[in-house]
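Shown next, in structure tokens, is the structure this report addresses.
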Amino acid sequence: MTLKTYQNGAAKLAKVLAIAMTVFHVYTCTFGLLTPLLQRSIHIGFAMVLIFLLAVVKAEKPLAVIINSVLALAAFVSYLYLSINHENLLFHAASPSIYETVFGVLAVVIVILAVKKSLGWALPIIAGLFILYALFGNYLTGAIAHRGYTIKRLASQLTMNTEGIFGMVAGTSATYIFLFCLFGCLLEATGCSKFFMDFAIAIAGKKRGGAAKIACVSSGLFGMMSGSAVANVMTTGTFTIPLMKKGGYPPEFAGAVEAVSSTGGQIMPPIMGAAAFIIAETLSIPYAKVAAAALLPAVLYYVAVWIIVDIRAQKSHISGAEQYSEIPKLKTILKEDGFLAVPFLALILFLAVLQWSPLRSGLYSCAIAVIVSFFNKDKEQRFSLKMLLNVFENTAYSVLDVAAVCACAGIIIGTLSLTGLGIKFSSLLVTLAGGHKILLLVFAAIAGIILGMGMTTTTVYIILSVLVCPALVEMGVTPLVAHLFVFYFGILSNITPPVATASFAAASLAQCNAFKLGFTAWKIGLSGYILPFMFVYGNELCLIGEPIMIIKAVITSFFGIYCLCCGLEAYYKKKLNVVQIVMMLAAALLLIDSGTLTDIIGVALAACVLVPNFIASKKAAVKA
């Protein structure tokens, strides 16, 4: 048998397993989930085997094929053993047998190697350090020391109950996340995704700076479904970045707009990527409540991008419709393809209005997507057995990285629970902050950005939710707000230099200097760094509080964002001088605080700049 023949066989086996994985999840989500340990062990087992099988298919050297084949077999054997013996594991957790310990250790090693294969070394190194801490913490001194644990005890903690690899995070991956990945793949296969792009072009293309506004809208819509900033950039950016460059925007600005818009998709309800489901599970609250709390900050984020794009277009005299004859009419799109939005609108209805569970909402939305496909003019995008199998295969592949991350995060959470480090770390943060909430928030923000430079948003959120959120709550931050705070900064790492993954992806499409684009993206997305502080000090932005106060917060926050954008672009009707820039930025910062006095001062400062410039522009227009 030749190497190529063997790899072709591995590819066919991977396809069969991927389809089987999706069939398993659809069946259990429809007819009832299995016991937590069994459901999660099968889910993670499928993911581990597929990761190494795909590595076999992609390998270029015989040695790599052999190593990955062995690892795929080891993953299959270890997780099959854990799944078959899941009931005995619960009873033997206190004193596992030698076989249970060996398979437990093997399962942990497989997870670490799988994450390394998918996402690089950052997360495996962190997981390895936590394992070493659990094993040898008795050799440390001070507050972080503990009595030390044996390999048998650690293996039991991580693989024989629902506190480690098969913990709550893996449970979320095995249910909600998988189902919504299926929904996203169905939207893509049935043409619903293309509708959103056409919709964005129709509503934004003819406006001033229309090309960049198309990127803002389309990337936001796609980002809600993809859950990955980089994937979103590579999907929509291939169209929007050349369009922006053609419209007159510099390459760095065009790529930056795409990177910032794509990143923001993860904070925009209703889907919000994988982490939002984990927030709901962690806090034991309805997912609709998480989505509602995140809605206004997400809207403000995109309003800020839209304003900056508009100001830049005004400064650079970039128009809209005259340059793009191919822009379709909104009325035509809605009339011909509006039905393609029905699955997405149905999802919003189920989650936000009817307040169904994410599982039920996802199932019904998937069914509606299938029904809608029968009305598609393109026969290739109508439901068929071939389409179904392709969607099932692609769904399994799309969830592999998330499943691996959730399993590896379980290793970290399991060791934190075993050693009690999470509580110790939170106390240490509170001590370092000296009782000052703002310092603690800054520490949390920096931690989120640094960790996010080497890991996925989901991973960063999981780690910070265990290490930092308890400290924020102890300092008086509302629990849901605390989790959204660290969630935001984990996401913003995608556009934060020096390791800004979304910005670097956009730079490859824009064909420009990656670091220059990264700094531009950071500047455009600066409102995103301020918004979390705004909703911590004014919970009304998360729709928490009295209606009248929420309305007040909405008005002042929108005005504050506008001031910030004018200050950053140094422009309102005309170029601002240094004093005016400082006044606008100061006004924006004052409006962060929800206090009435700071709001009045902020509005007054902004008025001193906006009113004279507005009057001067009107006079200039009359003379012209």
Short question: side chain of [X], backbone of [Y] - any donor-acceptor pair under 3.5 Å?
X: Thr556; Y: Ala553; value: yes
X: Gln580; Y: Asn577; value: yes
X: Ser262; Y: Ala259; value: no
X: Asp198; Y: Phe195; value: no
X: Tyr133; Y: Leu421; value: no
X: Tyr397; Y: Val399; value: no
X: Lys523; Y: Leu568; value: yes

Starting at [atom1] of [X], measure out to [atom2] of [Y] and round the result to the nearest 0.5 Å.
X: Ser261; Y: Trp306; atom1: OG; atom2: CH2; answer: 10.5 Å
X: Ile530; Y: Ser557; atom1: CD1; atom2: OG; answer: 12.5 Å
X: Tyr301; Y: Leu296; atom1: OH; atom2: CG; answer: 15.5 Å
X: Glu188; Y: Asn394; atom1: CD; atom2: CG; answer: 9.5 Å
X: Met268; Y: Leu295; atom1: CE; atom2: CG; answer: 7.0 Å
X: Ile278; Y: Leu283; atom1: CD1; atom2: CG; answer: 11.5 Å

Do the two ring centres, one from [X] and one from [Y], sit under 6.0 Å apart?
X: Phe183; Y: Phe178; result: no
X: Phe485; Y: Phe533; result: yes
X: Phe277; Y: Phe180; result: yes
X: Tyr488; Y: Phe535; result: yes

Could you walk me through whether Leu564 and Met584 pass the side chain to side chain contact (heavy atoms under 4.5 Å, CB included) test, one step at a time?
CA-CA 6 Å; Leu564 176 67; Met584 292 298 283; over 6 Å; no
Can Leu441 and Tyr537 be said to form a side chain to side chain contact (heavy atoms under 4.5 Å, CB included), step by step?
CA-CA 11 Å; Leu441 292 171; Tyr537 283 96; 3.7 Å; yes
Heavy-atom pair of closest approach, residues [X] and [Y]:
X: Ala59; Y: Ala64; value: CB-CB, 3.8 Å
X: Leu517; Y: Gly255; value: CD1-CA, 3.5 Å
X: Ala587; Y: Leu605; value: CB-CB, 4.1 Å
X: Ser527; Y: Ala304; value: OG-CB, 3.1 Å
X: Ile412; Y: Ala127; value: CG1-CA, 4.1 Å
X: Leu429; Y: Ala471; value: CB-CB, 4.2 Å

So Leu113 and Phe52, side chain to side chain contact (heavy atoms under 4.5 Å, CB included) or not? Walk me through it.
CA-CA 9 Å; Leu113 292 177; Phe52 291 114; 4.0 Å; yes
Would a 4.5 Å heavy-atom cut-off, applied to side chains only, mark [X] and [Y] as touching?
X: Asp599; Y: Leu590; answer: no
X: Ile491; Y: Tyr461; answer: no
X: Lys213; Y: Asp310; answer: yes
X: Asn494; Y: Phe504; answer: no
X: Val536; Y: Lys437; answer: yes
X: Tyr302; Y: Cys216; answer: yes
X: Leu464; Y: Phe487; answer: no
X: Lys574; Y: Asn613; answer: yes

Using a distance-only test with no angle check, is there a side-chain donor-acceptor pair under 3.5 angstrom linking [X] and [Y]?
X: Lys58; Y: Asn68; result: no
X: Thr172; Y: Glu281; result: no
X: Thr496; Y: Tyr529; result: yes

For atom [atom1] of [X], is the number of surrounding heavy atoms from other residues, nucleotides or ligands below 6.0 Å larger than 12?
X: Lys315; atom1: NZ; value: yes
X: Lys516; atom1: NZ; value: no
X: Phe519; atom1: CZ; value: no

Just do the side chain to side chain contact (heavy atoms under 4.5 Å, CB included) check on Leu54 and Leu400 with the steps written out, would you?
CA-CA 11 Å; Leu54 293 177; Leu400 294 183; 3.6 Å; yes
Of Leu416, Ile165, Ile126, which meets side-chain contact (heavy atoms from CB on, under 4.5 Å) against Ile411?
Ile165
As a quick check of understanding, evaluate side chain to side chain donor-acceptor pair (under 3.5 Å) for Asn539 and Thr478, giving each step before the final call.
CA-CA 8 Å; Asn539 288 182; Thr478 305; 2.6 Å; yes
Answer yes or no for Lys245 and Phe253: cation-pi contact, defined as NZ/CZ to six-membered ring centre under 6.0 Å and angle to ring axis within 45°.
no
